[in-house]
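Written out below as structure tokens is the structure these notes cover.
Along the sequence shown, the residues carry numbers beginning at 1.
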Amino acid sequence: MPVKAYSYLRYSSVAQKKGDSLRRQLEAAQDWAAGRPDIELDTSTRDLGVSAFKGQHRVKGALSSFLRKVEAGEIARGSYLLVESFDRLSRETEMVAVNLLTSITLAGIRVVTLADGHEYHEGSDAMDIMRAVIVMSRAHNENLSRGKKIAAAWADKKRRARETGEKLSRRGPAWTLFNEATKEFDLIPARAAVVQRIFAECNDGLGITAIASRLNAEGVPPFVAKSDGWHQGYVLTILRSPSTTGLYQPTLTTNRPGQRMQRRADGDVIAEYYPRVVSDEIFDRAQGMIARRNKRGGGKGRRGKTFPNILIGLGRCEDCGGTLILGSRANSSAVRHYRCYQEGRKHGCENRRRYLCSDVEEHLEAFLVTAKLDDHDLNPDRGHLMDRIAARDELQKKIEALLDQVEAGSSAITERLRQREAELVEIEREITTLKVETQTQPKSGQDALRAAFAWLESLTGASDADLYSARAKANALLNEHFDWVIPREGGLLIARGQDAWSITDEALIRYEIEPTNRPTRDNVESGKFVTATMI
């Protein structure tokens with residue numbers, strides 16, 4: 001029975017793919033096997049475009065699979081592993097590389113370096129081990145030196161970009177094109193218009209899934225070549241990208257074996273690096289919308305073609321305070337209703353009531369009309385507060401990145417760190433002030449109520465697309481101004497902070513409640529009775 005020899009073929013970069021590396025390694029293995037008729041050559045073990053400097057090939061790919069088979073006994077003892085040289089097997093530190101070599105040879109596998117024809121096995125002596133260490137050390141140090149030179153070159157490019165505006169590379173956001181004449185980025189008008197539309201629809205209350213669906217439905221070409229259309233993840237990437245406001249954030253990558261590559265900020269952002277697509281105000285507004293949807297559950301729930309559930313993020317069960325979900329009978333929109341999710345899964349609630357969507361929306365409309373006529377001071381617009389919270393969170397990430405550099409021994413960014421910490425103190429002061437204003441100094445809700453009523457009035461007689469947009473905006477507005485809505489028999493309970501209102505066909509009653517309690521009918525009605533208005 002022939003002995004198998006496994007040729008391990010590896011190169012690191014696309015440039016090597018275009019060169020002679022693969023042919024040279026394969027030819028060396030074939031020449032070695034040609035003079036050994038008892039050897040069966042297997043050339044299927046290949047890691048193409050995988051670096052050995054950080055050990056990625058050990059934890060995923062062809063070498064990783066080979067090592068698992070050796071450990072499981074699926075590779076017979078006495079088999080061969082052929083490598084052009086040790087730097088194909090490993091370019092990691094000497095200790096790691098030697099451990100890799102000995103783990104293979106002690107399993108009974110013979111390792112052959114084809115460049116010098118030397119064979120390593122479980123009986124290899126001290127001279128063989130020393131030879132291997134010297135070769136491995138040279139390979140590791142070559143990569144280490146090359147990495148330092150590349151890092152220094154990129155650091156110099158980033159310095160020039162900050163000082164002179166020089167572009168680091170010709171690669172920019174998908175809505176830009178590098179101009180070889182001016183050495184600047186130019187906007188691609190059609191794509192810039194799509195980006196502006198994405199921000200506008202986000203700020204109008206549409207979620208990333210709805211935005212992607214509308215772009216696909218209209219046949220808007222995606223930015224990514226060979227993509228099968230727009231995806232919600234890519235829409236979110238655009239909405240969160242500071243490059244839409246012209247900013248560029250230099251980064252450093254971390255790439256450890258077995259872990260996903262991560263990027264962290266390398267110093268402060270560079271302003272006016274790219275052409276601006278949206279204003280800071282529009283960008284910050286979008287971040288606040290995203291934060292509100294994530295925090296309040298506004299991103300959860302079925303939207304359908306016409307956004308039937310206008311209470312997404314708000315609807316609560318009157319008995320348990322749990323989430324309300326949308327149901328229907330025989331798929332008829334005329335009898336769509338809300339029901340308790342917890343009761344549906346038979347967990348912690350026995351509320352089997354069904355609340356018709358049409359009744360809920362009628363009472364909601366009546367509440368807005370009545371409250372507006374009676375000039376109740378409802379929810380102040382808390383959008384600015386949420387925007388500042390989102391800005392604070394982003395600033396904290398930048399500070400963490402700067403702290404990482406300080407710990408790594410960099411002294412050049414100390415001043416930037418002080419500036420960012422001062423900005424953080426100022427934002428925290430703004431947030432504290434805004435919180436006090438929204439909790440203790442409510443402003444008139446006339447404009448908000450008028451806008452909400454206008455949106456609800458616009459929901460009839462529209463196309464599916466327009467209806468979806470209008471209802472999505474109404475939902476966003478309601479989420480912005482109220483904490484929760486509880487449908488109940490003959491009316492609704494609505495709250496913001498310590499203020500709650502009960503709306504029925506006969507009266508509008510206002511209560512003072514404890515906002516930390518679960519939103520239930522009993523908790524509202526046990527609060528302090530404040531005013532009552534007959535309808």
Side-chain angles (χ1 to χ4, degrees), residues 205-207 210 297-298 300-344 349 351-373 378 448-495 500-509 519-521 524 533 535:
L206 272 66
K300 302 177 182 178
R302 295 177 296 168
R303 267 85 172 152
K305 292 183 179 180
T306 57
F307 210 105
N309 186 356
I310 205 169
L311 295 187
I312 287 178
L314 289 170
R316 299 291 185 268
C317 170
E318 62 177 307
D319 285 4
C320 71
T323 301
L324 292 183
I325 59 174
L326 201 64
S328 62
R329 299 169 190 165
N331 296 320
S332 170
S333 61
V335 289
R336 281 201 182 100
H337 58 263
Y338 295 103
R339 58 187 177 86
C340 178
Y341 171 71
Q342 298 288 47
E343 188 280 328
C349 186
N351 179 12
R352 298 176 59 85
R353 303 179 192 90
R354 301 294 185 260
Y355 311 94
L356 287 178
C357 294
S358 56
D359 291 345
V360 170
E361 293 184 19
E362 284 180 11
H363 283 108
L364 183 58
E365 186 174 327
F367 165 71
L368 294 176
V369 172
T370 306
K372 181 167 77 75
L373 293 175
L378 286 183
L449 290 169
R450 189 177 298 113
F453 181 63
W455 280 121
L456 290 176
E457 285 288 294
S458 72
L459 300 184
T460 57
S463 67
D464 281 356
D466 291 339
L467 190 60
Y468 186 102
S469 179
R471 293 179 67 88
K473 290 177 182 179
N475 173 257
L477 186 60
L478 292 170
N479 267 281
E480 185 170 321
H481 290 280
F482 300 102
D483 292 330
W484 44 259
V485 176
I486 297 178
R488 58 183 303 189
E489 185 176 354
L492 298 175
L493 296 171
I494 304 171
W501 292 264
S502 169
I503 177 74
T504 65
D505 293 335
E506 294 79 26
L508 174 67
I509 303 173
T520 66
R521 179 187 66 250
V524 172
T533 302
I535 295 178

- Query: What are the two closest heavy atoms between Gly490 and His363, and how far apart are they?
  - Reply: O-NE2, 3.3 Å
- Message: Nearest 0.5 angstrom please: Asp505 CG to Glu362 CD, how far?
- Response: 9.0 Å
- Note on the structure: When rounded to the nearest 0.5 Å, the distance separating CD1 of Ile503 from CG of Leu364 is 9.5 Å
- Message: Quick check: do Ser502 and Val524 have side-chain heavy atoms less than 4.5 Å from each other?
- Response: no
- Heavy-atom closest pair, residues Leu326 and Arg336: CD2-CD, 4.0 Å
- Message: Which residues pass the side-chain contact (heavy atoms from CB on, under 4.5 Å) test with Pro519, not counting sequence neighbours?
- Response: Arg316, Trp484, Ile486
- Out of curiosity, Leu314 CG to Ile494 CD1, how far, rounded to the nearest 0.5 Å? 9.5 Å
- Message: Between Cys340 and Cys320, is there a side-chain heavy-atom distance shorter than 4.5 Å?
- Response: yes
- Side-chain heavy-atom pair Val360, Tyr338 within 4.5 angstrom cut-off: yes
- Note on the structure: Interatomic distance, CD@Glu343 vs CD1@Ile325, rounded to 0.5 Å, equals 9.5 Å
- Looking only at heavy atoms, what is the nearest atom pair of Arg488 and Tyr355, with distance? CA-CE2, 3.7 Å
- Item | Over all atoms of both residues, closest heavy-atom pair of Cys317 and Asn351 | SG-ND2, 3.2 Å
- Query: Which distance, rounded to the nearest 0.5 Å, do you find between the CZ of Arg339 and the OG1 of Thr323?
  - Reply: 12.5 Å
- Note on the structure: Note: Glu361 and Ile310 closest approach over all heavy atoms is OE2-CG2, 3.9 Å
- Query: Once you round to the nearest 0.5 Å, how far does CH2 of Trp501 lie from CG of Leu508?
  - Reply: 9.0 Å
- Message: For a quick test of reading the model, state the closest non-hydrogen atom pair linking Pro487 to Leu492 and the distance between them.
- Response: CA-CD2, 3.6 Å
